[in-house]
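Below is one structure, written out as structure tokens, with a few remarks after it.
Order of the sequence lines sets the chain letters (A, B, ...), proteins ahead of strands, with each chain counted from 1.
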Amino acid sequence: MKLPESFYIGTNVVYQAKSLIGKYLFTSIDNAITGGYIVETEAYNGVIDKASHAYGNRLTPRTQTMFMQGGIAYVYLCYGIHEMFNVVTSVKGQPHAILIRAIQPTDGIEIMLFRRNMQTLKSNITQGPGSVAKALGISRAINAISLQSDTLWIEDRGLSFEDQDIAAVPRVGVDYAGEDALLPYRFYVKGNPYVSKPNK
DNA sequence: TCGTCGATCTACT
DNA sequence: GTAGATCGACGAG
């Protein structure tokens, strides 16, 4: 059921980001399983991508996770408040990552509501990368954990979308990246209510 | 050592 | 529509 190690070791991060659409992401944290299927991703293409933390082979305590072999999680803090969850891909030394920006929740919705401090299910529960991490209980404590573990993993349940139902557009919040900000490295399911900023 | 600012979200006006 | 939250990474000095 879990996506095999071989999927993550592939070197075409843009293709992998698109492939993750429709895959199921689960966490088992605090004795509760939560998750859903991925409806929005962004690819970060290693040392040549100005939008990536690892641009220009920048190796720091934070980014070293991205330089490890694919198939692990990269979790970091943004704006001092939000933790973001990425899937590290490719071979050791090549810092590719895929940001999970939104999922459609299917399991453990009660738990996710509690973590998000919400009473009723609304589309913003897992809409945007900070929200996804919070709803799933993901924090920097599980940075670099294996996606073959029983804490955090991705499954293929046979759900897939046609090319025409997946939009490929420029990434969000990376204006500082110059011409790389224009690359169509963001993928999402057209019309899905959990997608953040559907029209850009 | 210090100052700047970010792969964002929420609560307000 | 817009401001505030809140902290670690990074480059300048």
Legend entry - Backbone of A/Y55 reached by a side-chain donor or acceptor of A/K50 within 3.5 Å: no
Legend entry - Sub-4.0 Å heavy-atom contacts from residues 64-76 of chain A onto DNA chain B, ordered by number: A/M66, A/Y76
Legend entry - Exceeds 12 heavy-atom contacts within 6.0 angstrom, atom NZ of A/K122: no
Inset, instruction - Before accepting this row, confirm whether a basic side-chain N of the pair A/K2/A/D156 lies closer than 4.0 Å to the acidic partner's carboxylate O. - result: no
Inset, instruction - Report the C-alpha separation of A/N192 and A/Y37 in whole Å, then their side-chain angles, then the decisive distance to 0.1 Å, and conclude whether the side-chain contact (heavy atoms from CB on, under 4.5 Å) test is met. - result: CA-CA 11 Å; A/N192 185 285; A/Y37 64 86; 4.2 Å; yes
Legend entry - Distance (rounded to the nearest 0.5 Å) between A/N86 CG and A/M84 CE: 8.5 Å
Legend entry - Donor-acceptor side-chain pairing of A/T63 and A/R58 below 3.5 angstrom: no
Inset, instruction - Could you pull out the closest heavy-atom pair between A/A144 and A/M68, with the gap in Å? - result: CB-CE, 4.1 Å
Legend entry - N-O pairing of A/E83 and A/R140 below 4.0 Å: yes
Legend entry - Carboxylate-amine/guanidinium contact A/E42 A/R101, below 4.0 Å: yes
Inset, instruction - Summarise how protein sits on nucleotides 4-13 of chain C as a single string, 5' to 3': B when a protein heavy atom is under 4.0 Å from the base, S for sugar-phosphate-only contact, - for no contact. - result: -BBBSSSS--
Legend entry - Cation-aromatic face contact A/R157/A/Y24, 6.0 Å, 45 degrees: yes
Legend entry - Proximity to DNA chain B (any heavy atom under 4.0 Å), residues of residues 34-43 of chain A only: none
Inset, instruction - Would you tell me if any nitrogen or oxygen in the side chain of A/R116 comes within less than 4.0 Å of OP1 or OP2 on B/dC9? - result: no
Inset, instruction - Figure out the CD1/P separation between A/I125 and B/dT10, and round it to whole Å. - result: 11 Å
Inset, instruction - Taking only heavy atoms on the protein side, list every residue of residues 101-109 of chain A lying under 4.0 Å from any atom of DNA chain C, sorted numerically. - result: none
Inset, instruction - Kindly say whether A/G10 contributes a backbone atom to a donor-acceptor pair with the side chain of A/Q16 at under 3.5 angstrom? - result: yes
Inset, instruction - Quick one: pull up CG in A/L99 and OG in A/S52 and give me the separation to the nearest 0.5 Å. - result: 11.0 Å
Legend entry - No-hydrogen, no-angle side-chain donor-acceptor test under 3.5 Å, A/T34 and A/T27: yes
Legend entry - Contacts of type ring-ring contact (aromatic ring centres under 6.0 Å, His included), residue A/Y76, not counting sequence neighbours: A/H53, A/Y74
Legend entry - 5'-to-3' dot-bracket of DNA chain B (Watson-Crick, G-U; under 3.5 angstrom; crossing pairs as [ ]; | other strand): ||||||.|||||.
Legend entry - Pair A/E40 + A/R186, salt bridge at N-O below 4.0 Å: yes
Legend entry - Whole-Å gap separating P (B/dT8) and CZ (A/R171): 11 Å
Inset, instruction - Answer with base, sugar-phosphate or nothing: what part of the nucleic acid does A/E83 contact at a heavy-atom distance below 4.0 Å? - result: nothing
Inset, instruction - Whole angstrom is fine here: how far is it from NZ in A/K50 over to P in B/dA7? - result: 15 Å
